[in-house]
Asks: 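Before we start, here is the structure in question, set down as structure tokens.
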Amino acid sequence: MIRHLAGAVALALVIATPAFAQNQKVRVGVEGNYPPFSSIAPDGKLQGFDIDIANAICAEMKADCTLVQQEWDGMIPALNAKKFDMIVASMTITDERKKAVDFSDPYYDVPSRFIAKEGAFKDHSPASLKGKKIIVLRNSPRAKFIAENYKDSEVLLADKETNVYLELAAGRGDVALGSAVVSGEAFLKKPEGKGYAQLGPSIRIGAGSGVGIALRKDDAELRQKVNAALKAIRANGTYKKLADKYFDFDVSEGI
Amino acid sequence: MIDWSVIVDSIPAFLKGLQTTMLLLVLSCGAGFLMSVPLAVARVSPNPWLSKPVWLFTYVLRGTPLLVQMFMVYYGLAQFEAVRESFVWPFLRDAWFCAWLVFTLNTTAYTTEIFAGALRATPSGELEAARACGLSEAAIYRRILLPSALRRALPQYGNEVVMLMHATAIASTVTLVEITRVARDIYYNHLSPIESFGVVAVIYFVLTFGMAGLFKLAERRFLRHLRPVASGVA
């Protein structure tokens with residue numbers, strides 16, 4: 001009797017397995033401190049454009065995805081250590097990062113902008129910010145841009161993009177350089193951002209490169225699938241629907 | 001494979017970070033020691049007006065994580081306009097000052113309890129002898145209680161100093177570039193955990209060993225009377 005039962009269970013497993021195997025398991029690294037791209041909702045759930053894009057791509061690829069939250073500066077090492085299989089964390093495609101990881105096609109591109117107390121400076125030229133303290137996200141293309149172009153200014157490097165604006169509001173620096181979108185969502189549109197405004201026109205750092213999904217170099221198969229899925233969600237309108245939820249301008253312009 | 005060139009290139013950054021780590025440790029440890037001796041005396045005082053406030057202080061500081069205390073002081077206080085406009089703001093604005101303040105208060109709380117425990121454990125015979133000699137209360141503290149208690153507290157105090165040294169890594173969360181922050185930057189830029197966190201682990205290990213050695217020497221000198229007798233006990 002027991003034998004028959006065991007046989008039946010084994011048979012059931014054999015039949016059932018192919019159905020499970022169809023869905024590839026993919027772990028996605030996300031960040032959670034970059035609203036409206038990635039943040040933690042009051043109920044503890046991850047939310048934002050990055051999160052929606054990750055889920056849409058997974059649905060398109062018919063993959064079972066698990067989101068893994070990871071601190072920004074451990075992101076690429078964790079990918080290469082196989083803690084997850086791709087990074088959907090608003091990561092700008094740069095030549096340096098390309099040495100360590102591969103990128104999908106870009107999935108959005110937004111400019112950067114300076115934020116300061118209203119009327120504090122006349123523009124954001126290196127000359128008018130001379131001797132002032134500029135706050136910027138540590139280990140980011142923007143930090144590199146400041147280090148290279150604003151040599152006569154002081155720099156305060158914050159750990160997280162959201163902390164950039166906390167430091168600015170606290171008066172620990174004179175001007176912040178942040179994402180044109182995040183600075184609005186996390187700061188200017190909030191009560192804390194009262195009295196602060198964008199300084200000068202927005203700028204593009206590493207123009208045209210955009211933000212991509214990072215994958216391990218040996219994972220060309222997943223990269224192809226991700227690119228195909230990106231193309232599909234842009235073609236079928238899913239991308240636009242998601243983007244319209246968060247932005248009042250076209251974040252896919254120029255990619 | 002270990003990339004030695006990454007390690008060699010990062011030596012200057014680690015040395016600078018080490019300077020920050022050690023300065024944070026020495027300044028908070030020194031201030032913490034100076035505050036915790038009188039606080040420990042107050043803590044064991046029979047007068048509740050003296051002992052209860054100190055009890056509350058150590059209870060609160062030991063009951064919350066250091067990281068939370070750091071965020072409360074660095075980010076939390078900055079949220080209030082009243083704080084930003086008051087005379088303390090030039091200090092609280094500075095990440096250095098915030099880190100020093102938090103580490104000092106934290107270690108003061110623990111050290112106060114260590115010293116208070118050692119004071120309570122004073123053998124009653126020592127006290128009786130002191131009173132029999134007609135010493136005043138102040139003289140008893142100065143000449144009997146404190147010297148004997150601080151000596152007995154030495155092993156635990158040594159642990160507290162080592163723990164504080166490890167805790168200075170928390171300063172990396174408020175923009176200070178101490179050795180853990182240096183390691184995190186190298187990790188980010190070279191994507192190699194061994195060359196970054198491996199190196200910083202070795203640095204902490206050497207520091208810990210050095211400090212443990214110093215405290216061993218101090219114990220050998222100041223706690224000679226408590227050492228087991230080497231010969232004659234057969």
Asks: Heavy-atom distances under 4.5 Å only: say whether B:Leu77 touches chain A with side chain, backbone, both or neither.
Replies: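 B:Leu77 has no heavy atom closer than 4.5 Å to chain A.
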
Asks: Mark yes when over 12 heavy atoms from residues, nucleotides or ligands other than B:Gln19 sit less than 6.0 Å from its CD; otherwise mark no.
Replies: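 Atom CD in B:Gln19 is not crowded, with 12 or fewer foreign heavy atoms closer than 6.0 Å.
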
Asks: Quick check on B:Val83 against chain A: is it the side chain, the backbone, both or neither that has a heavy atom closer than 4.5 Å?
Replies: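 For B:Val83, there is no contact with chain A at all, as no heavy atom is under 4.5 Å.
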
Asks: With a 4.5 angstrom heavy-atom cut-off, which part of A:Ala169 approaches chain B: side chain, backbone, both or neither?
Replies: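 A:Ala169 touches chain B through backbone heavy atoms alone.
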
Asks: Quick one: do B:Asp185 and A:Arg138 make a salt bridge, cutoff under 4.0 Å?
Replies: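 So B:Asp185 pairs with A:Arg138 through a salt bridge.
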
Asks: For the side chain of B:Arg93 and the backbone of A:Gly171, is there at least one donor-acceptor N/O pair under 3.5 Å apart?
Replies: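 Looks like yes, one N/O pair under 3.5 Å.
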
Asks: Which residue out of B:Arg84, B:Arg184, B:His190 racks up the most heavy-atom pairs below 4.5 Å with chain A?
Replies: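 Looking at each option in turn, the highest pair count goes to B:Arg184.
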
Asks: A:Arg172 and B:Cys98: which non-hydrogen atoms are nearest, and at how many Å?
Replies: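 It is NH2-SG, 4.1 Å.
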
Asks: Could you look at B:Ser172 and say if it's the side chain, the backbone, both or neither that has a heavy atom under 4.5 Å from chain A?
Replies: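 The answer is the backbone of B:Ser172.
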
Asks: Of all heavy-atom pairs between A:Asp73 and B:Tyr187, which one has the smallest distance, and what is that distance?
Replies: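 It is O-CD2, 4.0 Å.
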
Asks: Heavy-atom pairs under 4.5 Å with chain B - which of A:Leu157, A:Asn163, A:Asn80 has more of them than the others?
Replies: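 The answer is A:Asn163.
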
Asks: For B:Ile194, does the CD1 atom have more than 12 heavy-atom neighbours from other residues, nucleotides or ligands under 6.0 Å away?
Replies: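 Counting neighbours around CD1 of B:Ile194, 12 or fewer heavy atoms of other residues, nucleotides or ligands fall under 6.0 Å, so no.
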
Asks: Does the B:Tyr188 side chain pair with the main chain of A:Asn139, one donor and one acceptor, at a distance under 3.5 Å?
Replies: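 Side chain of B:Tyr188 to backbone of A:Asn139, a donor-acceptor pair under 3.5 Å: yes, one is there.
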
Asks: Is A:Glu96 close to chain B through its backbone or its side chain, or both, or neither, when contacts mean heavy atoms under 4.5 Å?
Replies: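 Neither the backbone nor the side chain of A:Glu96 comes within 4.5 Å of chain B.
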
Asks: Decide yes or no for A:Glu192 and B:Gln79: does some side-chain heavy atom of the first lie under 4.5 Å from some side-chain heavy atom of the second?
Replies: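 In short, these two side chains do not touch, never coming nearer than 4.5 Å.
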
Asks: Contact part of A:Ala78 toward chain B, heavy-atom cut-off under 4.5 Å: side chain, backbone, both or neither?
Replies: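 Contact with chain B is through the backbone of A:Ala78 alone.
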
Asks: Within a reach of under 6.0 Å around NZ of A:Lys217, are more than 12 heavy atoms found that belong to other residues, nucleotides or ligands?
Replies: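 Counting other residues, nucleotides and ligands, NZ of A:Lys217 exceeds 12 neighbours.
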
Asks: Give the minimum heavy-atom separation between A:Glu167 and B:Thr175, together with the two atoms involved.
Replies: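 Where A:Glu167 meets B:Thr175 most closely, the heavy atoms are OE2-CG2, 3.5 Å.
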
